[in-house]
Undergrad: 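Attaching a single structure in structure tokens format; questions to follow.
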Amino acid sequence: DVKVTQSSRYLVKRTGEKVFLECVQDMDHENMFWYRQDPGLGLRLIYFSYDVKMKEKGDIPEGYSVSREKKERFSLILESASTNQTSMYLCASTGWRECHFGPGTRLTVT
Amino acid sequence: AQSVTQLGSHVSVSEGALVLLRCNYSSSVPPYLFWYVQYPNQGLQLLLKYTSAATLVKGINGFEAEFKKSETSFHLTKPSAHMSDAAEYFCAVSDRNQAGTALIFGKGTTLSVSS
């Protein structure tokens, strides 16, 4: 019953490293999203994509980029990781009236 | 712009007591509304959703929520709390006129259940 998977549950990276977070969905959804979750702030939208090779900035895109080369895969890229990007990252995909989340990746940048 | 406000970042109840988690939305037209639950170290799981059918929506694990347009509210309730209900709960809204748009989340409410 797997719907949305994320490449890692836990990740530790050093400041300045380039980081790739991968998300794959098996529901043939066109829309995919990346959120970050921080205590007291809820979920904040980083980037989203309505179609292959299309991307739109969310509320907090600074320091991030994304890639969507295939419909089922949506990657979040931290070009040069910083300590303030330590967070839980959640991927989601949506179809008509439904939204499914992946299990999340807890990223620590030291 | 749409927004969601969850009143109370932390709610504590005794086992067997009523659970009430409050959510108010701001939208120019009635949106789609959702409640998600997150257990420790896990992703978000959909509890229930309102998409313009019945205003009283029943979800999983005995939870339900009522859409009240006049109050712009979508509060989550459960008649009798169980220890396993301890988790973080998020209310979310999306634009009904744009299928598949991003959900806008509240800041979450942590539910604690004591024996």
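Side chains included, hydrogens not; waters and symmetry mates left out as well; all remaining heavy atoms used. Proteins get letters first, then strands, A, B, ... in listed order; numbering begins at 1 in each.
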Undergrad: Given heavy-atom pairs under 4.5 angstrom as the criterion, report whether the side chain, backbone, both or neither of Gln6(B) touches chain A.
TA: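 Neither part; nothing is under 4.5 Å.
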Undergrad: Quick check for you: to the nearest 0.5 Å, what is the distance between Leu45(A) atom CG and Leu103(B) atom CG?
TA: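 One gets 9.5 Å once the value is rounded to the nearest 0.5 Å.
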Undergrad: Is there a chain of hydrophobic side chains (I, L, V, M, F, W, Y, each step under 4.5 Å between heavy atoms) that links Tyr89(B) to Phe67(B)?
TA: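 Looking at the clustering, Phe67(B) is in the same group as Tyr89(B).
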Undergrad: Atom CE of residue position Met54(A) - does it have more than 12 heavy atoms of other residues, nucleotides or ligands inside 6.0 Å?
TA: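 No, the 6.0 Å shell around CE holds no more than 12 heavy atoms from other groups.
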Undergrad: Please classify the contact between Gln38(B) and chain A as side chain, backbone, both or neither, with a heavy-atom cut-off of under 4.5 Å.
TA: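 For Gln38(B), the contact with chain A is made by the side chain alone.
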Undergrad: Quick check for you: among Pro39(A), Gly104(A), Ser93(A), Gly40(A), which has the greatest number of heavy-atom pairs under 4.5 Å with chain B?
TA: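 The candidate making the most pairs under 4.5 Å is Gly40(A).
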Undergrad: Answer yes or no: are there more than 12 heavy-atom neighbours, outside Lys107(B) itself, under 6.0 Å from its atom NZ?
TA: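 No.
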Undergrad: Checking Leu90(A) against chain B: side chain, backbone, both or neither under 4.5 Å from a heavy atom?
TA: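 Just its side chain gets close to chain B.
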Undergrad: Is Val66(A) linked to Phe33(A) within one hydrophobic cluster, defined over Ile, Leu, Val, Met, Phe, Trp and Tyr using a side-chain heavy-atom separation of less than 4.5 Å?
TA: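 No, it is not one cluster - the side chains of Val66(A) and Phe33(A) are not joined through contacts under 4.5 Å.
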Undergrad: Mind checking the OH-CZ spacing from Tyr35(A) to Phe105(B)? Nearest 0.5 Å is all I need.
TA: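 Between Tyr35(A) OH and Phe105(B) CZ, I get 5.0 Å after rounding to 0.5 Å.
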Undergrad: Taking atom CZ as the centre, does Arg44(A) end up with more than 12 heavy-atom neighbours from other residues, nucleotides or ligands that are less than 6.0 angstrom away?
TA: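 Correct, the count exceeds 12.
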Undergrad: In this structure, would Val4(B) and Leu76(B) fall into the same cluster of hydrophobic residues linked by side-chain contacts under 4.5 Å?
TA: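 Shared cluster, yes.
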Undergrad: To the nearest 0.5 Å, what is the distance between CD on Gln37(A) and CG on Leu44(B)?
TA: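 Interatomic distance, Gln37(A) CD to Leu44(B) CG, rounded to 0.5 Å: 6.5 Å.
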